[in-house]
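Note that this is a predicted model, so its numbers are computed, not measured. The residues of the chain are indexed from 1 along the displayed sequence.
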Amino acid sequence: MFPTATPAAAPAPRAAPRTAPAPAGRDPFVDVLRVFGMVLVVLQHWSMPLLSFADGRISTGNALAAGNGWMITWISQVMPLVFFAGGAANAISRRGAARRGEATPAWLAGRLRRLAWPVVPLAAVWLPLPHLLLALGVPEQPVLTASRLAGQLLWFLAIYLVAVAATTPMLRLNMAYGWRVPAALAAGAVAVDVLRFTSGLDVAGLPNIVLVWLAVHQLGFLYADGRLGRPWVLALAGYGLGAALTVLGPYPLSMIGMPGASVSNMAPPTVALLSIGAGQVGLALALRRWIVSFAGWPGVSRALGWAGARMMTLYLWHMSALFVIVSVVVVGLGISTPEPGTPAWLSGWPHWLLMLALAMWPLLRGFARFETPPATGPYTGGTARVLVAAALVGLGLLTLTVTGFAPGAAPLLGAGAIVAGLALTGSSRDTSPTSPGSPGSPGERAGRLRVASHL
C-alpha cells in the first residue's frame, strides 16, 4: 500500500543519526507494518460486532466494550502504525521522484490516482445497491445501516490525502527542524485537547484530525532519515504517557469509540491516542531486526508480496464481505452473535472468520485489478490544477465518509467530486518522449509503477 523505493540521500541533519536510514530497495519493515496494520484493522472490524435482528431492525454492539476488552485496542488500534509507514513511504517516494526530475505536481497527481481510483468501483457498486435491495423488499433499516457504514471507512483516505498533499513542505520542515516538527504538532494537539475538555465541546477537538495524524506521519520521515533512535525509550514513554492520561485524565481507556461512551479517543483523535501511537512505533522499531528477519523467510516474503498488492481492496471491501454474511446469517437465518467471551462466542469466532474470508475472496479477485489506475500521459497541468484535484477528491471522500452510500443526492455528489478530481490528474496530451531513459518512456513509466505500487 505504500511505496518502498530506494530512499534518497537526505541532507545532513543537525545531529548525527542514531539509526541507519531506511535500506535501499524495498524496505521489508515498512512492508510488514502496512500489511500487519491493515490485516489487524480487518480482523478487528470483523470480530467486534454484536448483532441481532428482530422486527425488521438490526441491533449492533461492540464485543470490545465488554470487560477488559479495551486492552486489546492498545494493540489492535494500529492506524498510527499505518500513518507512520505511510510517512516513511511518502518520504522515500517523493525523494526518489525528485532524483528523477519529477516535479511535485506530477508526483502528487500520481499519488492522487493511486488513492482515489480504487474508490470508483466501490461507489459504482454501492450507489445503486441500496435502491436495488429496497426494491427487492429487503428491510429498510439494515440496508440503510450497511450503506452508511460502507462509506465510513473512507475517512482514512481523506486524512491520508492531506498527509500526501503536505509531504513536500513537511519534508522541508523535517530536514530543517527534525524532531521539533512532530513535537510542535503534538504540542498543538495538547492545546486542542485542553480546549476541547475545558469547553466541553467535542467540535473543538476537530483540528486534531490533522495534528495527530500528521505528527505520526512525520515520525515516518524521521525513520526514513535514520533519525529515530532509542526505540525502547519511545515505546515506554508513549505507552507510559498513554496509561497516565487514561487513568488520571479525562480520556477513556479504549483507543476506539465505544457505544454509549461520552468521549472517544478516535473521533476526533486525542493526545492519548497519539501517545499510544508513539508507543507502538517505538515497539515496532525495537523489534525491527526480528521483523526484517521474519519478512525474509521465503514463504513470508511471497505472502507479503501477494498481500501488498491487494491491501487497498481488502480495506475498502472487507465491510461489504461482512454485510454479505450478516445478511445471510443474522438477517436471513435470524442467528444472533453470542455474548463476547462466552464459550459459544470463542468457539464460533473461527467459523465466523472463515465465512467472512470466503465472502472476501471473490471481492479480492474481482476488484484488486483497480489498485493500479489506467495509464495516462505525464501530468502537465501545474500546481493549481493538481491542488484543485486534491480538493475535489478530498471533498468527495469526506462526503462519502459522512453520508455513506445511503440513497440521496450527497453520495452522488461525493462520487462525482472524486471522478472530477481524478479527471484533473490526467494529461490532456501525451508528451512522453520515446528515449529509454526519458521520464515518459516505457521503462520510466514501469519504474514509476514500481515506485508507486502502493499507497
Side-chain angles (χ1 to χ4, degrees), residues 41-66 119-155 256-261 264 267 313-340 342 344-345 348-349 351-364 366-367 397-416:
V41 166
V42 171
L43 284 177
Q44 179 171 271
H45 287 171
W46 281 356
S47 302
M48 66 185 186
L50 296 177
L51 305 165
S52 61
F53 181 73
D55 300 324
R57 299 184 62 84
I58 191 164
S59 301
T60 61
N62 192 324
L64 296 180
V119 181
V120 173
L122 183 75
V125 170
W126 271 100
L127 283 173
L129 185 58
H131 300 276
L132 176 62
L133 294 176
L134 292 174
L136 292 174
V138 178
E140 181 180 25
Q141 190 264 352
V143 170
L144 296 182
T145 299
S147 60
R148 291 191 183 102
L149 291 175
Q152 285 186 5
L153 293 171
L154 298 177
W155 75 266
I256 64 174
M258 290 296 182
S264 169
T313 306
L314 178 64
Y315 180 75
L316 291 177
W317 290 94
H318 75 274
M319 290 300 287
S320 297
L322 176 64
F323 301 148
V324 170
I325 299 303
V326 169
S327 66
V328 174
V329 176
V330 179
V331 176
L333 300 178
I335 301 174
S336 302
T337 52
E339 287 297 314
T342 61
W345 189 90
W349 182 64
H351 301 89
W352 178 254
L353 291 183
L354 177 59
M355 288 189 294
L356 289 166
L358 292 175
M360 187 70 227
W361 181 249
L363 297 176
L364 282 174
F367 295 107
L397 291 172
L398 184 60
T399 300
L400 294 178
T401 298
V402 174
T403 67
F405 296 98
L412 291 171
L413 293 174

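For the side chain to side chain contact (heavy atoms under 4.5 Å, CB included) with M48, the lone residue among T60, L43, I256 that qualifies is I256.
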Take V125 and F405 through the test side chain to side chain contact (heavy atoms under 4.5 Å, CB included) and record every step on the way to the result. CA-CA 10 Å; V125 170; F405 296 98; over 6 Å; no

Applying side chain to side chain contact (heavy atoms under 4.5 Å, CB included), run through L127 and L412 and close with a yes or a no. CA-CA 7 Å; L127 283 173; L412 291 171; 4.0 Å; yes

Show every donor-acceptor pair shorter than 3.5 Å between a side-chain atom in residues 316-334 and any protein atom, with sequence neighbours excluded, or say none if there are none.
residue, atom, partner, partner atom, Å
H318, ND1, L314, O, 3.2
H318, ND1, Y315, O, 2.8
H318, NE2, H45, ND1, 2.8
S320, OG, W126, NE1, 3.0
S327, OG, F323, O, 3.2
S327, OG, V324, O, 2.6

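Of all heavy-atom pairs between S47 and P49, the closest is C-CD, 3.4 Å. Across all their heavy atoms, A415 and A123 have their closest contact at CB-CB, 4.1 Å. Residues P340 and A63 approach most closely at CB-CB, 3.7 Å, considering heavy atoms. Counting all heavy atoms, side chain and backbone alike, P411 lies closest to A406 at CG-O, 3.1 Å.
Summarising the local packing, CD of E140 is surrounded by 12 or fewer heavy atoms from other residues, nucleotides or ligands at distances under 6.0 Å. Sparse packing is recorded around CH2 of W349, with 12 or fewer heavy atoms of other residues, nucleotides or ligands lying under 6.0 Å away.
Here the CG atom belonging to L136 is positioned 4.5 Å from the CG atom belonging to L132, to the nearest 0.5 angstrom. One distance of note links CG of L50 with CG of L64; it measures 9.0 Å at 0.5 Å rounding. Atom CD1 of I58 is separated from atom CG of L144 by 12.0 Å, given to the nearest 0.5 angstrom. In this structure, the separation between NE2 on H351 and CG on L356 is 13.0 Å, given to the nearest 0.5 Å. Atoms CG and CG, from L398 and L154 in turn, are 10.0 Å apart once rounded to the nearest 0.5 Å. With rounding to the nearest 0.5 Å, the separation of CG in L353 from CE in M355 is 9.0 Å.
Here side chain to side chain donor-acceptor pair (under 3.5 Å) pairs that include residues 330-340, with residues two or more places apart or in two chains, number zero.
Taking the side chain as every heavy atom from C-beta outward, H131 and P407 approach each other to under 4.5 Å. Contact of the S59 side chain with the F53 side chain is not registered, since no non-hydrogen atoms from C-beta on lie closer than 4.5 Å.
A donor-acceptor distance shorter than 3.5 angstrom exists from the side chain of W352 to the backbone of W46, with no hydrogens or angles considered.
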